[in-house]
Amino acid sequence: MGPLVVNEIITENANLFLAFLIGIGFGFVLEVNGFSSSRRLAGMFYGYDTTVLKVFFTGAIVAAVGLLFMSLFNWIDLSYIYINPTYLWSSLGGGVIMGAGFILGGYCPGTSVCAASIGKLDAMAFLGGIVIGIFIFIEGFPMWEGFYNAKFLGSPLLSDIFGTSRGLITFLIILVALGMFWVGEWAEKHFARDDYKLNQK
Amino acid sequence: MKARLILAAIIIPLGMIIAAVPENTTKQFRLTANELLEEVKDGTQFLQPDEVADMLIQKDPTLQLIDVRDADQYEKFSLPNSINIPLVDILNPEWKEYINQDVKLNVFYSNGTKNANEAWMITRQLGFENNYVMLGGLNYWVETIMNPEKPASTSPDEEIAKYNFRKGAGAALGGAAVNTQPSTMKKSSKPPISKRKKKKKVQGGC
């Protein structure tokens with residue numbers, strides 16, 4: 001049956017409309033989880049607030065289990081699912097740059113849009129920084145083109161690398177995620193700050 | 001704290017189930033009889049000989065003509081740049097990469113429509129895409145493209161334009177006489193192409 005647009009069950013435009021609704025849902029989830037607070041996001045790195053880890057990993061494992069069950073019931077053909085290809089060095093480099101920006105600015109790209117939309121000035125400044133970064137990246141592209149395209153690995157899957165089933169890998173990731181949640185909550189107590197209250201409204 | 005326990009209580013058993021069941025490896029999406037019937041009713045698989053001729057003259061690289069008649073008949077006459085996959089041989093794994101792909105637009109043809117359409121039904125039922133049938137087959141091809149009948153002068157402009165196109169296409173693709181030397185396209189001057197409607201949109205694909 002799925003993916004809906006590939007099998008022409010819905011049109012390209014209906015697909016974009018669904019993406020629009022899901023995007024609103026994503027923004028809503030970010031906002032209700034307090035992700036428009038830069039302190040909450042930065043707390044991830046200092047350990048006093050690990051909500052980011054918990055929300056995103058919960059999303060990932062629920063989606064992974066959901067997709068595998070849908071595949072099992074023949075509701076979706078997983079071979080049609082687009083997997084972002086891996087360019088190893090640019091992934092690592094991009095991860096470092098984004099992580100540094102995350103700590104410095106207190107937002108990741110999605111949450112900065114979220115926070116800017118409720119009128120936070122620091123988020124708007126952050127968005128300006130994103131635009132400047134995009135401009136530098138594009139204008140200087142010839143300089144880092146080699147780095148950008150280096151070590152192309154295709155779309156490797158953990159299950160292929162380890163030669164096991166996707167289901168087993170998913171189960172292991174669930175265990176790892178739950179373990180990280182436990183460590184995260186331990187860290188929240190250990191690194192708690194006097195001037196920061198968890199889940200403040 | 002409590003939320004984490006609820007999450008764990010739900011997601012761990014689900015994870016264990018998904019780790020235990022065998023993976024669903026059905027890659028192709030086979031059509032049900034009803035879905036196939038819908039397509040047959042719509043006749044979306046048919047291409048007019050004019051559309052095929054147009055693509056041949058334009059040297060459209062996506063076109064792949066597939067002759068489903070037997071090898072003897074293929075030797076005697078075939079359309080330019082066609083390959084021969086006899087109908088009885090269509091499930092041979094050797095041909096799978098030709099009939100199950102998402103790059104080219106395969107057009108089956110036989111003498112009439114019947115055998116080509118059977119080839120299409122078999123491949124479509126397997127879930128393969130981008131396979132089409134040349135309506136009317138070679139008989140209709142010879143009749144319309146190779147020896148087009150001149151319409152009456154009172155015919156609508158469309159008919160006359162179609163006739164002109166066919167006359168030109170026939171000349172470019174081997175003239176009135178049936179060409180017994182296939183796979184060599186004559187490099188004669190291009191026919192006056194009155195722009196026909198665009199070829200069918202290839203279905204599916206990302």
With ring centroids as reference points, do Tyr140(B) and Tyr109(B) lie under 6.0 angstrom apart?
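Between Tyr109(B) and Tyr140(B), which both carry aromatic rings, the centre distance is not below 6.0 Å.
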
Sort Ile173(A) into side chain, backbone, both or neither according to what part of it lies under 4.5 angstrom from a heavy atom of chain B.
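No part of Ile173(A) comes within 4.5 Å of chain B.
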
Would Asp67(B) and Arg69(B) pass as an ion pair if we require N to O under 4.0 Å?
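Between Arg69(B) and Asp67(B) there is a salt bridge, with a charged N closer than 4.0 Å to a carboxylate O.
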
Sort by residue number and list every residue of residues 59-69 of chain A having at least one heavy atom under 4.5 Å from chain B.
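Counting heavy atoms that sit under 4.5 Å from chain B, the residues of residues 59-69 of chain A involved are Ile61(A), Val62(A), Val65(A), Leu68(A), Phe69(A).
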
Filter on salt bridge (Lys or Arg N to Asp or Glu O under 4.0 Å), then keep only pairs touching residues 109-118 of chain B, sequence neighbours left out; what's left?
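Checked against salt bridge (Lys or Arg N to Asp or Glu O under 4.0 Å) - neighbours excluded - the pairs reaching residues 109-118 of chain B are Lys114(B)-Glu118(B).
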
Show me the pairs that pass side-chain hydrogen bond (donor to acceptor under 3.5 Å, both in side chains) and involve residues 14-26 of chain A, at least two apart or across chains.
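Checked against side-chain hydrogen bond (donor to acceptor under 3.5 Å, both in side chains) - neighbours excluded - no pair reaches residues 14-26 of chain A.
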
Compile the donor-acceptor pairs under 3.5 Å between side chains in residues 161-171 of chain A and protein atoms, sequence neighbours left out, one pair per line.
{"from": "Ser165(A)", "atom 1": "OG", "to": "Leu168(A)", "atom 2": "N", "distance (Å)": "3.2"}
{"from": "Thr170(A)", "atom 1": "OG1", "to": "Arg166(A)", "atom 2": "O", "distance (Å)": "2.7"}

Just checking, is any N or O donor in the side chain of Thr62(B) or Asp60(B) under 3.5 Å from an acceptor N or O on the other one?
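Per modelled atom types, Thr62(B) and Asp60(B) side chains form a pair under 3.5 Å.
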
